[in-house]
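Working notes for the structure below.
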Amino acid sequence: MWGFPASHTAQPPTFTAHLSNFSPRNSPKPPISSITIKPSISTTKDTNDKNKLIQSLCKQGNLRQALKLLPHEPNPTQHTYELLILSCIRHESLSCGLQVHRHLVDDGSGQDPFLATKLINMYSELDSIDDARKVFDKTRNRTIYVWNAVFRALALAGHGMDVFELYCRMNWSSGIESDRFTYTYVLKACVASESSISLLRKGKEIHAHVLRRGFEACVHIMTTLVDMYARFGCVLNASCVFDEMPMKNVVSWSAMIACYVKNERPFEALELFWEMTLENRDSLPNSVTMVSVLQACAAIVALEQGKLIHGYILRRGLDSILPVMSTLVTMYARCGKLEIGQRVFDQMDKRDVVSWNSLISSYGIHGYGRKAIQIFKDMISNGVSPNEITFISVLGACSHAGLVVEGKMLFDSMCREHGMYPSMEHYACLVDLLGRANRLDEAAKVVEDMRIEPGSKVWGALLGSCKIHCNVGLAERACKRLFELEPRNAGNYVLLADIYSEAKMWGEVKRVKQLLEAKKLQKVPGCSWIEVRKKVYSFLSVDEFNHQSEQVHALLVKLSTEMKDRGYVPQTGIVLYDLEEEEKERVLLGHSEKLAVAFGLINTNNGEVIRISKNLRLCEDCHSVTKFISKFVNREIVVRDVNRFHHFRDGVCSCGDYW
DNA sequence: TTAGGGTTAG
């Protein structure tokens, strides 16, 4: 529809050269009147015509045509360039962005700080941080907007250290003062660093600057601080900042609730949520708040509270928001109510890849591998493309169900049919799938042949399989690498000690335990939760301060005696402590999961399902004891361990003893 | 011109 002179009708060139190589063009620009426009936009000789045309084309989304007008006289105005840059961002076109930038430099607008800000934003959005930095470096008149733009760009790209270097330069030699935007970006940079150096100390310094400059009432900065401390695991610092905020809004409340969830403090998250709904009328929870709260319910199997929150979501009309509904599906499944999760999914008007992933992983953790594969297929036939997490979910489902052939086919299809390269997580799933199925040699071969350097997740999956199938040699090989990759992860040492213990290699058990002690590392204590009458009770292994401690202990001793009469032999081999046999039995009986089951039996009615969650993998002894109890007292017991669900009914577990 | 919290995973 546009009639251009032949030399100007070509597609815009793709500039890949560095911006420093740009040079003013000497070729004369054709006047705007040489352009034929038809039929709706009229041509006049007004010098504003070109700008109006470009602006109008940008607004219509016709970036290519707008770019074709660039070589014509007169030069575009600042506003025209701004619209062009925004249009390049919208079209996600770096080559068009470079073209606009080149014209802008040629026209002598390269030093305009407004346009420099826009260009930095553009390159940041288009993931070209080096170009963003070059714009900043070349801009001599750096307003606070220019500085803030480069801080934001670098923080988003994970270049935290560069932000601090520039922040110091701004403070010491630019004569420009930080504003409230500067602080939010610089605080973001603390947690978004590619460097392994902890930037927590830097973050605390910025916190001090913020207070010194009197920004303690700025909700944005304070909320960013809460989030920063949350990401560093400093829950106390986060809650201090939150408590002292003179003004809070829904975002601040949500940030604090999310802080508790991220740092495994679901009880505090729920407590704060109820406080927010009951006492704080100014900041009503929104969809973001609900997502965190549902995660908290899922973490501790707080089904009754989860149902209350579901009701709240419906009352507030938040049930059309996809992330909320996907998390709701997950919450029900993780609380053992897969069928309600499925119902929630069925009732959703719209579904995205996350909703499907939620359902796939829900079936996966309950051990329904084939159903998970079927949902994966349904998802594709519904026109939704799988993403990386879809494959992690479906491979995990295969692993739990022992579907080795199907899992391997899915792994291959990732690249072949869906054009995705397997990541570290996918390799870890494959290793887990093979290893759990006692195909350890094959799993080790996968690790050897990986196209990327195997990381701790992959070696960890191999070690986990060695634990299940008691393979000392391979476990030692995995640990050699794991101890280098994550020297402070106590779990790896404990697993190795467990494997040695199983193999009755007591000298080696002792050596690993000494290693743990020397490194001052501590085994994560076993912890289980149970919800009784809408209240969640937690139990720590071998802790005399647990709820109804005496009654619980008495019941367990009674059950243990009954079980022994029926052939139960306590698996004392898994107790790593150097104790007498009787004492080892006492340790086993004090495992948090057994305490929670006994508490459930005492405090719930006959026929009620006992639902428990545990922070670690269920141990062999707890597994066989729970099977026994389910038959002996005729109760359904549902246990979620760190990996999956176990439904105990009439002496049998849904995992088929494969976990 | 610029800003803060959340989806699915093993």
Side-chain angles (χ1 to χ4, degrees), chain A residues 78-79 82 85-86 113-118 120-121 124 143-153 155 179-188 218-228 230-231 242 245 248-259 261-262 283 285-295 298 321-331 333-334 351-362 364-365 386-400 423-433 436 457-458 460-461 464 642-644:
Chain A
Q78 189 190 55
H79 182 52
E82 183 194 5
I85 291 168
L86 292 175
F114 177 88
L115 290 178
T117 307
K118 297 292 168 194
I120 293 170
N121 290 340
S124 166
T143 60
I144 187 65
Y145 291 103
V146 177
W147 283 99
N148 287 344
V150 81
F151 290 145
R152 178 178 180 270
D179 66 6
R180 58 194 197 282
F181 296 96
T182 316
Y183 289 118
T184 54
Y185 298 138
V186 177
L187 286 169
K188 281 251 166 246
C218 174
V219 185
H220 282 91
I221 298 180
M222 290 297 131
T223 306
T224 313
L225 269 168
V226 168
D227 185 56
M228 181 199 77
R231 287 172 200 269
F242 178 76
M245 283 175 75
K248 298 181 181 79
N249 62 18
V250 60
V251 184
S252 354
W253 283 86
S254 304
M256 194 61 226
I257 291 171
C259 168
V261 175
K262 273 186 224 137
S283 307
N286 62 14
S287 62
V288 179
T289 329
M290 303 321 298
V291 166
S292 289
V293 173
L294 289 171
Q295 288 175 324
I321 295 169
L322 281 177
V324 173
M325 299 316 278
S326 301
T327 319
L328 197 58
V329 170
T330 304
M331 186 278 290
R334 288 175 62 84
R351 296 171 193 123
D352 62 1
V353 63
V354 179
S355 337
W356 286 97
N357 290 352
S358 300
L359 197 67
I360 291 170
S361 60
S362 296
I365 54 171
N387 66 9
E388 297 207 330
I389 294 174
T390 314
F391 280 99
I392 293 172
S393 308
V394 73
L395 288 171
C398 291
S399 186
H400 291 313
S423 69
M424 190 70 75
E425 281 80 5
H426 299 112
Y427 280 113
C429 289
L430 183 62
V431 169
D432 186 71
L433 172 80
R436 257 179 219 284
K457 283 180 179 167
V458 172
V642 70
N643 291 324
R644 59 163 298 155

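Numbers restart at 1 for each chain; the letters A, B, ... are given by sequence-line order, proteins then strands. We use all heavy atoms of the structure for the numbers below, so side chains are in, but hydrogens, waters and symmetry mates are not. What you are looking at is a predicted structure, and each value in this text was computed from that prediction instead of being measured.
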inquiry  = Does A/K188 reach a base, just sugar-phosphate, or nothing at all? Heavy atoms under 4.0 Å.
reply    = sugar-phosphate
message = What's A/R351 touching, base or sugar-phosphate or nothing? Going by heavy atoms closer than 4.0 Å.
response = nothing
task = Please name all residues satisfying salt bridge (charged side-chain N to carboxylate O under 4.0 Å, His left out) with A/E388, sequence neighbours left out, ordered by chain then number.
result = none
Residue list, side-chain contact (heavy atoms from CB on, under 4.5 Å) with A/P113, at least two apart or on another chain = A/N141, A/T143, A/V146
query = When all nucleic acid strands are considered with a 4.0 Å heavy-atom cut-off, which category describes A/T289: base, sugar-phosphate, or nothing?
reply = base
A/R334 side chain reached by A/I365 side chain, heavy atoms, under 4.5 Å = yes
inquiry  = Categorize A/E82 for me: base, sugar-phosphate, or nothing, with a 4.0 angstrom heavy-atom threshold over every strand shown.
reply    = nothing
message = Using the side-chain contact (heavy atoms from CB on, under 4.5 Å) criterion, which residues pair with A/V642? Sequence neighbours excluded.
response = A/R617
Name each donor-acceptor pair under 3.5 Å that joins a side chain in residues 218-226 of chain A to protein atoms two or more places apart or in another chain, with its distance.
{"from": "A/T223", "atom 1": "OG1", "to": "A/V219", "atom 2": "O", "distance (Å)": "2.6"}
{"from": "A/T224", "atom 1": "OG1", "to": "A/H220", "atom 2": "O", "distance (Å)": "2.6"}

note = Hits for side-chain contact (heavy atoms from CB on, under 4.5 Å) against A/E425, two or more places apart or cross-chain, chain-then-number order -> A/I392, A/S423, A/K457
ask   = Hey, does A/S399 reach any base, or is it just sugar-phosphate, or nothing, if we go heavy atoms under 4.0 Å?
value = nothing
request  = Name the nucleic acid region contacted by A/S292, choosing base, sugar-phosphate or nothing; use a 4.0 angstrom heavy-atom cut-off, strictly under.
outcome  = sugar-phosphate
request  = Would you mind classifying the nucleic acid contact of A/N148 as base, sugar-phosphate or nothing, using non-hydrogen atoms under 4.0 angstrom?
outcome  = base
query = Base, sugar-phosphate, or nothing: which does A/N286 touch, judged by heavy atoms less than 4.0 Å apart?
reply = base
task = Go through DNA chain B in 5' to 3' direction and return only the first and the last nucleotide with some atom under 4.0 Å of chain A's heavy atoms.
result = B/dT1 to B/dG10
ask   = A/N249 near the nucleic acid: base, sugar-phosphate alone, or nothing, with a heavy-atom cut-off under 4.0 Å?
value = base
query = Base, sugar-phosphate alone, or nothing: which one does A/V226 contact when heavy atoms must sit under 4.0 Å apart?
reply = nothing
task = Assign A/V219 to base, sugar-phosphate, or nothing according to its heavy-atom contacts below 4.0 angstrom with the strands shown.
result = base
ask   = Would you say the side-chain atoms of A/N286 and A/T289 include a donor-acceptor pair closer than 3.5 Å?
value = yes
message = By the 4.0 Å heavy-atom rule, please label A/A428 as base, sugar-phosphate, or nothing.
response = nothing
